[in-house]
Participant: 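For reference, the structure I am asking about is given below.
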Amino acid sequence: MFLSVENLTAHYGRVKALDGVTMQAEKGSIVTLIGANGAGKSSFMMCLSGVLRPTSGTIEFDGRRIERAWPEEIVAMGLSQCPEGRRVWPRMTVLENLEMGAVTVRDGALVRERIEWSFGLFPILGERRRQLAGSLSGGEQQMLAIARALMSGPKLLMLDEPSLGLAPIVVEKVVEAIRDIRKSGTTVILVEQNAFMALSIADYAYVLETGKIALSGKAADLMRNDEVRKSYLGI
């Protein structure tokens, strides 16, 4: 299995954020985690990226154990995260933000190639390349955050709430980009409160409640699950 997480537990001080989470992701798939605010979705992502150290459990990525690895080591292994809230560098240009995303890449030609690929994925970024990131719209900043996370050439991309606060037309563009990213061969883990959007593009899904996996299965099956429809889809 490309990504395998077993019995993952994590704390913030005495507060338990994750309680025995087990999940898997196949190479080239889109896997989504849905759940309410405070369910532990972002904590799970932070454990995968090395920002939050698990209390117990294992994380195996592409054949290597990473639960004790440092964030920079994890990025070098091919796992990248696009955080919630975009977090672009506002006083740097679009181009400079992308270059910062490639700080671990030593091949200048490869960096330029990935920048051009990003402009193909999000043409508006190419038009705004010399513009300060802080002056972009919310949707444009989200596109930049995703493109920046791709600059390291990840095998697995984690997206934390990419549709948050975006207009529906921008969400559609983000969804299209996620599909294109998967087509390029990158595995995607998608954390979303927009459960309908997430389930519509994912292959497999997990429902996280108070730090535990409450339900899991094929995304299409969960879309038809009465409990999911009532609690997360408003149907």
Participant: Is the number of heavy atoms from other residues, nucleotides or ligands within 6.0 Å of CZ (Arg68) greater than 12?
Facilitator: yes
Participant: Identify the two heavy atoms, one from Val174 and one from Pro162, that lie closest to each other, and give their separation to 0.1 Å.
Facilitator: CG1-CB, 4.1 Å
Participant: Start with the C-alpha gap between Glu26 and Phe2, add the side-chain angles, then the distance that decides, and say whether side-chain contact (heavy atoms from CB on, under 4.5 Å) holds.
Facilitator: CA-CA 5 Å; Glu26 295 182 355; Phe2 190 57; 5.7 Å; no
Participant: Do you know the tightest heavy-atom contact between Ser118 and Met151?
Facilitator: OG-SD, 3.9 Å
Participant: Evaluate the side-chain proximity of Glu99 to Ile115: yes if any heavy-atom separation is below 4.5 Å, no if none is.
Facilitator: yes
Participant: Atom CZ in Arg91, atom CD in Glu96: separation rounded to 0.5 Å?
Facilitator: 13.0 Å
Participant: Just wondering, do Glu161 and Asn194 contact through their side chains at under 4.5 Å, heavy atoms?
Facilitator: no
Participant: Is it true that Ile30 and Tyr206 fall in one hydrophobic cluster, defined by side-chain heavy atoms closer than 4.5 Å?
Facilitator: no
Participant: Pick out which of Ile34, Val191, Ile213, Leu215 makes a side-chain contact (heavy atoms from CB on, under 4.5 Å) with Leu208.
Facilitator: Ile213
Participant: With the threshold set at 4.0 Å, does a side-chain nitrogen-carboxylate oxygen contact exist between Arg229 and Glu227?
Facilitator: no
Participant: Please check if the side chain of Arg130 supplies one atom and the backbone of Glu127 the other of a donor-acceptor pair under 3.5 Å.
Facilitator: no
Participant: As a quick check of understanding, evaluate side-chain contact (heavy atoms from CB on, under 4.5 Å) for Asn7 and Thr58, giving each step before the final call.
Facilitator: CA-CA 7 Å; Asn7 297 316; Thr58 62; over 6 Å; no
Participant: For residues Glu60 and Ile66, determine if any side-chain heavy atom of one lies less than 4.5 Å from a side-chain heavy atom of the other.
Facilitator: no
Participant: Give a yes or no on whether Glu72 atom CD has more than 12 heavy-atom contacts from other residues, nucleotides or ligands under 6.0 Å away.
Facilitator: yes
Participant: Whether the side chain of Ser184 engages the backbone of Ile181 through a donor-acceptor N/O pair (distance < 3.5 Å, no angle test) should be reported.
Facilitator: yes
Participant: Check step by step if side-chain contact (heavy atoms from CB on, under 4.5 Å) holds for Met92 and Leu132.
Facilitator: CA-CA 5 Å; Met92 299 175 72; Leu132 293 180; 5.9 Å; no
Participant: For a 4.5 angstrom cut-off between non-hydrogen side-chain atoms, does Asp221 reach Tyr204?
Facilitator: no
Participant: So, Thr32 side chain and Leu190 main chain: donor-acceptor pair closer than 3.5 Å or not?
Facilitator: yes
Participant: Under a 4.5 Å cut-off applied to non-hydrogen side-chain atoms, are Arg87 and Gln141 in contact?
Facilitator: no
Participant: Which residues pass the salt bridge (Lys or Arg N to Asp or Glu O under 4.0 Å) test with Asp19, sequence neighbours left out?
Facilitator: Lys16, Lys212
Participant: Working to the nearest 0.5 Å, report the span between CG of Leu3 and CE of Met23.
Facilitator: 5.5 Å
Participant: Minimum heavy-atom separation for Gly153 to Arg114, with atom names?
Facilitator: N-NH1, 3.4 Å
Participant: Is the closest side-chain donor-acceptor distance between Ser42 and Asp160 under 3.5 Å?
Facilitator: yes
Participant: Could you tell me the separation between the CG atom of Leu144 and the CD atom of Glu140, rounded to the nearest 0.5 Å?
Facilitator: 9.5 Å
Participant: Indicate the atoms forming the closest heavy-atom contact of Ala149 with Leu157, along with that distance.
Facilitator: CB-CD1, 3.6 Å
Participant: Kindly determine whether Arg65 and Glu67 satisfy salt bridge (Lys or Arg N to Asp or Glu O under 4.0 Å), including the steps that lead there.
Facilitator: CA-CA 6 Å; Arg65 293 275 294 273; Glu67 68 271 7; 2.6 Å; yes
Participant: Check whether Leu52 and Leu79 end up in the same hydrophobic cluster, where Ile, Leu, Val, Met, Phe, Trp and Tyr are linked by side-chain heavy atoms less than 4.5 Å apart.
Facilitator: no
Participant: Should Met46 and Leu156 be regarded as members of a common hydrophobic cluster, given that ILVMFWY residues are connected when their side-chain heavy atoms come within less than 4.5 Å of each other, either directly or indirectly?
Facilitator: no
Participant: Just by distance, with hydrogens left out, do Ser163 and Glu192 show a side-chain donor and acceptor under 3.5 Å apart?
Facilitator: yes
Participant: Can you confirm whether more than 12 heavy atoms, excluding those of Glu73, are under 6.0 Å from its CD atom?
Facilitator: yes
Participant: Side chains of Ser135 and Gln131: is there a donor and an acceptor less than 3.5 Å apart?
Facilitator: yes
Participant: Can you tell me if Arg129 uses its side chain to pair, donor with acceptor, with the backbone of Gly126 under 3.5 Å?
Facilitator: yes
Participant: What I'd like to find out is whether the side chain of Val31 reaches to under 4.5 Å of the side chain of Asp203, using heavy atoms alone.
Facilitator: no
Participant: Going by the rule side chain to side chain donor-acceptor pair (under 3.5 Å), which residues pair with Ser43 if we only count those two or more places apart in sequence or in a different chain?
Facilitator: Tyr12
Participant: Which pair of non-hydrogen atoms, one from Ala10 and one from Cys47, has the smallest distance, and what is that distance?
Facilitator: CB-SG, 3.7 Å
Participant: In this structure, would Phe122 and Val171 fall into the same cluster of hydrophobic residues linked by side-chain contacts under 4.5 Å?
Facilitator: yes
Participant: Side-chain contact test, heavy atoms from C-beta onward, threshold under 4.5 Å: evaluate it for Ser29 versus Thr187 and give yes or no.
Facilitator: yes
Participant: Give, for atom CG of Leu98 and atom CD of Glu116, the distance between the pair rounded to the nearest 0.5 Å.
Facilitator: 10.0 Å
Participant: List the steps and the verdict of side-chain contact (heavy atoms from CB on, under 4.5 Å) for Lys155 and Thr186.
Facilitator: CA-CA 5 Å; Lys155 301 172 187 176; Thr186 302; over 6 Å; no
Participant: Would you say Val228 ends up clustered with Met223 if hydrophobic residues are merged whenever their side chains have heavy atoms under 4.5 Å apart, either directly or through other cluster members?
Facilitator: yes
Participant: If we ignore hydrogens and angles and just use 3.5 Å, is the side chain of Asn97 paired with the main-chain N or O of Thr93 as donor and acceptor?
Facilitator: yes
Participant: Looking at Trp117, I want to see if its CH2 is surrounded by more than 12 non-hydrogen atoms of other residues, nucleotides or ligands under 6.0 Å.
Facilitator: yes
Participant: For the pair Lys27 and Asp62, find out whether any cationic side-chain nitrogen is under 4.0 Å from an anionic carboxylate oxygen.
Facilitator: no
Participant: Can you measure from NZ (Lys218) to CG (Leu199) and round to the nearest 0.5 angstrom?
Facilitator: 14.5 Å
Participant: Roughly how far, to the nearest 0.5 Å, is the CZ atom of Arg148 from the SG atom of Cys82?
Facilitator: 7.0 Å
Participant: Of all the heavy-atom pairs spanning Met1 and Ala25, show the shortest one and how long it is.
Facilitator: SD-O, 3.3 Å
Participant: Among Thr22, Leu18, Ile59, which residue meets the side-chain contact (heavy atoms from CB on, under 4.5 Å) test with Val5?
Facilitator: Ile59
Participant: Can you check whether Ser152 reaches Ser80 side chain to side chain, under 4.5 Å on heavy atoms?
Facilitator: yes
